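What you are looking at is a predicted structure, and each value in this text was computed from that prediction instead of being measured. Heavy atoms only: backbone and side chains are in, while hydrogens, waters and symmetry mates are out.
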Amino acid sequence: MKRWMTVGIVTAAVLLTAGQARAQGSRDRDDEDEGGNRHRDRFALGVGIGLVEPLNKVETYYMASLRIRTSGRGSDESDRRGGDEGITGYLEPEVGYWTTSGGGNRPKGSDTLLGVNLIGVVPLGSVDSFFGVGAGAHFVDASVLTNDATVTGSKTKFGANAQFGIDLYINRKLSAFGTGRFDLVQDADSRVQSKVYLGLRARF
């Protein structure tokens with residue numbers, strides 16, 4: 001788990017640097033208008049690809065999510081001032097998928113996640129930081145769940161996650177994001193799935 005702690009430390013350092021840059025620098029009027037409007041979009045569609053470590057082996061992870069804006073602290077007042085203050089809340093349905101090809105005594109199978117997250121977004125100039133928690137159903141092959149290649153069938157298990165990340169804005173409607181998260185899966189031989197992934201998010 002040391003490498004995942006390293007990822008967290010690097011991400012925190014990036015967030016700190018972005019916050020300091022925002023405090024020290026000044027944005028021109030166009031940038032202010034862009035920052036003020038970007039959180040007024042109600043929806044944000046994200047797709048990403050990364051890595052997951054479910055069974056002491058790294059596999060490729062695919063995901064997609066739809067953020068739905070639910071609230072913003074003092075939204076009416078912040079809109080008049082530029083909308084770049086406070087925390088914006090999102091409800092985020094998501095789907096995730098990874099598979100392992102097996103080999104040797106290793107199981108072959110897949111895990112499909114259907115879940116929903118509660119996300120808080122904190123603006124830091126041209127970068128947003130976010131954090132969240134969520135829950136969902138894992139439709140997982142029994143061989144993967146038990147880490148036993150001789151077991152057949154599939155199971156549906158409850159899972160929960162905690163996550164954090166950043167969005168780097170390319171323009172007002174599009175950003176590149178990076179996320180680190182930990183998923184706890186009910187009755188899994190490897191209870192914690194560590195995930196890191198990158199992607200693009202479009203707002204509308």
Side-chain angles (χ1 to χ4, degrees), residues 1-11 42-70 89-121 130-167 175-202 204:
M1 298 298 292
K2 289 183 178 179
R3 57 188 163 195
W4 301 115
M5 292 178 63
T6 301
V7 171
I9 292 171
V10 171
T11 302
R42 182 163 178 79
F43 303 101
L45 177 64
V47 293
I49 184 172
L51 301 174
V52 56
E53 186 183 32
L55 301 170
N56 296 318
K57 181 180 178 182
V58 176
E59 307 287 355
T60 304
Y61 181 70
Y62 306 92
M63 61 76 60
S65 66
L66 177 65
R67 286 186 178 177
I68 305 169
R69 182 168 55 83
T70 59
Y90 292 86
L91 189 67
E92 182 186 65
E94 69 166 344
V95 58
Y97 175 82
W98 62 267
T99 184
T100 177
S101 58
N105 293 325
R106 298 187 61 82
K108 178 180 180 180
S110 64
D111 181 358
T112 300
L113 165 66
L114 295 178
V116 62
N117 303 315
L118 298 176
I119 303 294
V121 177
F130 63 86
F131 55 91
V133 295
H138 289 258
F139 303 92
V140 56
D141 288 325
S143 58
V144 172
L145 186 70
T146 61
N147 196 19
D148 186 346
T150 65
V151 179
T152 59
S154 62
K155 303 285 186 180
T156 301
K157 296 296 181 179
F158 176 77
N161 78 80
Q163 59 182 278
F164 60 93
I166 59 172
D167 274 83
S175 65
F177 68 87
T179 303
R181 65 186 273 173
F182 300 95
D183 287 66
L184 299 176
V185 182
Q186 178 188 18
D187 295 334
D189 181 70
S190 178
R191 291 186 180 273
V192 179
Q193 296 181 7
S194 304
K195 300 173 181 175
V196 176
Y197 48 90
L198 303 174
L200 293 174
R201 198 182 325 273
F204 55 97

Shortest non-hydrogen contact from [X] toward [Y]:
X      : Y      : value
Val151 : Ala142 : CG1-CB, 3.6 Å
Ala137 : Thr156 : CB-CG2, 4.2 Å
Ser175 : Asp167 : OG-OD2, 2.7 Å
Gly159 : His138 : CA-CD2, 3.8 Å
Leu66  : Phe43  : CD1-CB, 4.2 Å

Side-chain touch [X]/[Y], heavy atoms, less than 4.5 angstrom:
X      : Y      : answer
Val192 : Leu184 : yes
Met63  : Thr179 : no
Leu113 : Asp183 : yes
Gln193 : Trp98  : yes
Leu118 : Leu91  : yes

Mind checking the [atom1]-[atom2] spacing from [X] to [Y]? Nearest 0.5 Å is all I need.
X      : Y      : atom1 : atom2 : answer
Phe182 : Gln163 : CZ    : CD    : 11.5 Å
Thr100 : Asp111 : OG1   : CG    : 11.5 Å
Ile68  : Ile119 : CD1   : CD1   : 12.0 Å

Original post:
Listed by chain and number, what are the side-chain contact (heavy atoms from CB on, under 4.5 Å) partners of Asn147, not counting sequence neighbours?
Top reply: Leu55, Pro107, Asp189

**OP:** Using atom types as modelled and distance alone, determine if a side-chain donor or acceptor of Thr99 lies under 3.5 Å from a backbone N or O of Gly109.
**Re:** yes

Original post:
Is Gln186 reaching over with its side chain to a backbone N or O of Phe158, donor-acceptor style, under 3.5 angstrom?
Top reply: yes

Original post:
Heavy-atom count around Lys57 NZ within 6.0 Å, excluding the residue itself: above 12?
Top reply: yes

**OP:** For Lys157, look at atom NZ and say whether over 12 heavy atoms of other residues, nucleotides or ligands are found less than 6.0 Å away.
**Re:** yes

Subject >> Derivation and outcome, side chain to side chain contact (heavy atoms under 4.5 Å, CB included), residues Tyr97 and Ser110 >> reply: CA-CA 7 Å; Tyr97 175 82; Ser110 64; 3.7 Å; yes

**OP:** Begin from the C-alpha positions of Ser154 and Asp141 and carry the test side chain to side chain contact (heavy atoms under 4.5 Å, CB included) through to its verdict.
**Re:** CA-CA 4 Å; Ser154 62; Asp141 288 325; 4.0 Å; yes

Original post:
Regarding Glu92 and Asn117, is there a side-chain donor-to-acceptor distance under 3.5 Å anywhere?
Top reply: yes

**OP:** Let me see the working for Tyr197 and Tyr62 under side chain to side chain contact (heavy atoms under 4.5 Å, CB included), right down to the final yes or no.
**Re:** CA-CA 8 Å; Tyr197 48 90; Tyr62 306 92; over 6 Å; no

Original post:
Would Glu94 and Arg181 pass as an ion pair if we require N to O under 4.0 Å?
Top reply: yes

Original post:
side chain to side chain contact (heavy atoms under 4.5 Å, CB included) between Glu59 and Ser101: does it pass, once the steps are laid out?
Top reply: CA-CA 9 Å; Glu59 307 287 355; Ser101 58; 5.8 Å; no

Subject >> Geometric cation-pi criterion Arg67 and Phe177, 6.0 Å radius, 45° cone >> reply: no

